[in-house]
Amino acid sequence: MKDEPLNAIDITLILRGDSRFETALPAADPLLADLHAAVQQHSPSRLMQVPLDGGRTALSFASSELVSVLTTPPVLIEAADSQASLQTGSYLPCVCIDDFLTPDENTRLLQYALNNESEFSPSDVTTGHEGYRRSMVLQTIQDSPWRTLFEGRLDVHLSHICQTLGIDTLAVGKREIQLTASGKGDFFKLHRDAGEDVGTAARTLTYVYYFFREPQSFSGGNLLLTDDTGANGRGKVLAMRPQNNRLVAFRADQLHEVEPVFMADDAFSESRFTVNGWLRAAD
Ligand SMILES: O=C(O)CCC(=O)C(=O)O
Ligand SMILES: [Fe+2]
């Protein structure tokens, strides 16, 4: 008997207290959407049951105990008419961690960004090419307690992230971090974060944490991961809508881009904010 369903999505459930359970579900299984809904909405709590071990075992837990759902390949949840519908991307390796910060940390990070509006400066790219990236960056996050918080929180997930992305478990050397605000019309054209110049060659892992005011007033700004197998330099594409309090990690040599952000007014407070950075392997 085959244990794994066809088109299986590998799932790791993280429950309060960091207990982890692994299973696989068919891409079309409504339980997938239900699990994501449980992460988003903790009350009222309800009983959830998930098959483990090819259905030989059932895991039962209160929905309020569910902290995160890791899916490989990434599962894109599109909320349409308040019904969650699922799309799975073609396989381009990345890891999504929902609820990366606590709700309180998430709110305080937005407040930190808004309080420091005057410190943001226009972004650039390490290759010096013009017209490649438009956004505003707050470099001083490097000297703030947020840096320590992000580094510590990333370390919790690092072995899982590296394993999923096929990176040899990373002895981390240099870490980079920045806070980016993408407002009306901002974008980042197709690029890799590693290897486009000597200064970035050693970047191994990219992470992007999304946070913004809800209800969301911008649209667009999707992160597209792509490969270069297609005739026009693009093959498979995995599109991910920014989701508040979600961290996405991928290999730093992965081709990717950020689609233009649309919004009615160019209000800084409504920006698509990210804490984004790179980890390098130790020498
Ligand atoms: O904001 C994103 O989704 C990705 C940003 C990015 O590609 C970068 O900072 O290198
Ligand atoms: Fe990038």
Side-chain angles (χ1 to χ4, degrees), residues 74 76-77 89 92-98 100-101 106 109-110 113 120-142 146-147 150-151 154 161 165 167 174-197 199-213 216 218-228 233-234 237-263 268 270-280:
L76 183 64
I77 308 281
L92 286 166
C94 84
V95 178
C96 295
I97 301 173
D98 288 337
F100 183 72
L101 298 186
N106 172 261
L109 181 60
L110 180 60
F120 280 72
S121 53
S123 57
D124 50 15
V125 287
T126 55
T127 51
H129 292 150
E130 299 238 333
Y132 234 82
R133 180 185 190 193
R134 214 187 83 177
S135 50
M136 299 292 279
V137 171
L138 181 70
Q139 296 289 1
T140 51
I141 190 175
Q142 291 169 19
W146 291 107
R147 177 184 191 128
F150 266 85
E151 290 181 354
L154 263 172
I161 292 173
L165 301 179
I167 297 172
K174 186 175 167 193
R175 298 166 184 262
E176 298 165 86
I177 188 168
Q178 51 183 229
L179 198 162
T180 304
S182 302
K184 189 172 181 173
D186 288 354
F187 59 85
F188 200 158
K189 289 187 183 163
L190 198 61
H191 67 283
R192 300 177 205 269
D193 293 342
E196 300 213 322
D197 63 82
T200 61
R203 285 178 178 166
T204 304
L205 184 75
T206 296
Y207 65 87
V208 189
Y209 170 79
Y210 299 92
F211 65 106
F212 44 83
R213 180 132 55 202
Q216 179 181 343
F218 69 88
S219 60
N222 293 328
L223 170 66
L224 307 186
L225 301 188
T226 183
D227 67 14
D228 49 11
R234 247 175 245 241
V237 176
L238 171 61
M240 278 176 290
R241 265 198 327 179
Q243 187 166 310
N244 186 28
N245 209 7
R246 167 180 282 182
L247 181 122
V248 174
F250 50 91
R251 298 175 68 109
D253 58 3
Q254 168 75 56
L255 265 178
H256 61 283
E257 71 183 288
V258 180
E259 291 185 313
V261 171
F262 298 101
M263 53 170 70
F268 181 77
E270 305 307 312
S271 298
R272 168 196 192 270
F273 290 102
T274 60
V275 170
N276 53 296
W278 304 274
L279 305 189
R280 299 175 189 226

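Note: hydrogens, waters and symmetry copies are ignored here, and every other heavy atom, side chains too, is used. Indexing begins at 1, ligand by ligand and atom by atom, following the structure's order. Throughout, residue positions are numbered sequentially from 1 according to the sequence presented.
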Requested in this report: Would you please test Phe218 and Phe212 for side chain to side chain contact (heavy atoms under 4.5 Å, CB included) and show each step?
Outcome: CA-CA 9 Å; Phe218 69 88; Phe212 44 83; 3.7 Å; yes
Report task. Report the C-alpha separation of Met263 and Lys184 in whole Å, then their side-chain angles, then the decisive distance to 0.1 Å, and conclude whether the side chain to side chain contact (heavy atoms under 4.5 Å, CB included) test is met. Result -> CA-CA 5 Å; Met263 53 170 70; Lys184 189 172 181 173; 3.6 Å; yes
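Within ligand 1, counting atoms from 1 as listed, the ones closer than 4.0 Å to a heavy atom of Asp193 are 10 (O). Every atom of ligand 1 with a heavy atom of Val258 under 4.0 Å away is listed here by number and element: 1 (O), 2 (C), 3 (O), 4 (C), 5 (C). The distance from ligand 1 to the heavy atoms of Val208 drops below 4.0 Å at these ligand atoms: 1 (O), 2 (C), 3 (O), 4 (C). In summary, the atoms of ligand 1 found under 4.0 Å from a heavy atom of Tyr210, numbered by their order in the structure, are 2 (C), 3 (O).
Protein heavy atom closest to atom 8 (C) of ligand 1, with residue, atom name and distance, is Phe188 CE1, 3.6 Å. With hydrogens left out, the protein atom closest to atom 1 (O) of ligand 1 is Arg272 NH1, 2.8 Å, a heavy atom. For atom 7 (O) of ligand 1, the closest heavy atom belonging to the protein is His256 NE2, 2.9 Å.
Judged by the shortest distance from any of its heavy atoms, His191 lies inside the 4.0 Å radius around the atoms of ligand 1.
Residues Arg203 and Asp193 are not paired through a salt bridge, judged by the lack of any N-O separation under 4.0 Å between the basic side chain and the carboxylate. Salt-bridge formation is not detected for the pair Asp253/Arg192: no Lys NZ or Arg NE/NH1/NH2 atom is positioned less than 4.0 Å from an Asp or Glu carboxylate oxygen. Residues Arg213 and Glu270 are paired through a salt bridge, judged by an N-O separation under 4.0 Å between the basic side chain and the carboxylate.
Inspection of the Thr180 and Ser135 side chains reveals no N or O donor paired with an N or O acceptor under 3.5 Å.
To the nearest 10 degrees, the Fe ion (ligand 2) sees OD1 of Asp193 and NE2 of His256 at an angle of 100°.
Phe273 has its ring centre less than 6.0 Å from the ring centre of Phe268. Separation of the Phe250 and His256 ring centroids falls under the 6.0 Å cut-off.
Checked against Tyr209 for a side chain to side chain donor-acceptor pair (under 3.5 Å), the options Asn106, Asn276, Thr274 give a single hit: Asn106.
For Glu257, no heavy-atom contact with ligand 1 is shorter than 4.0 Å.
Ligand 1 has an N or O atom lying under 3.5 Å from an N or O atom of Asn276, backbone or side chain. Distances between N or O atoms of Trp278 and those of ligand 1 include no value under 3.5 Å. Checking only distances, Gln178 never comes within under 3.5 Å of ligand 1, N or O to N or O.
Not one N, O or S atom of Glu257 sits under 2.8 Å from the Fe ion (ligand 2).
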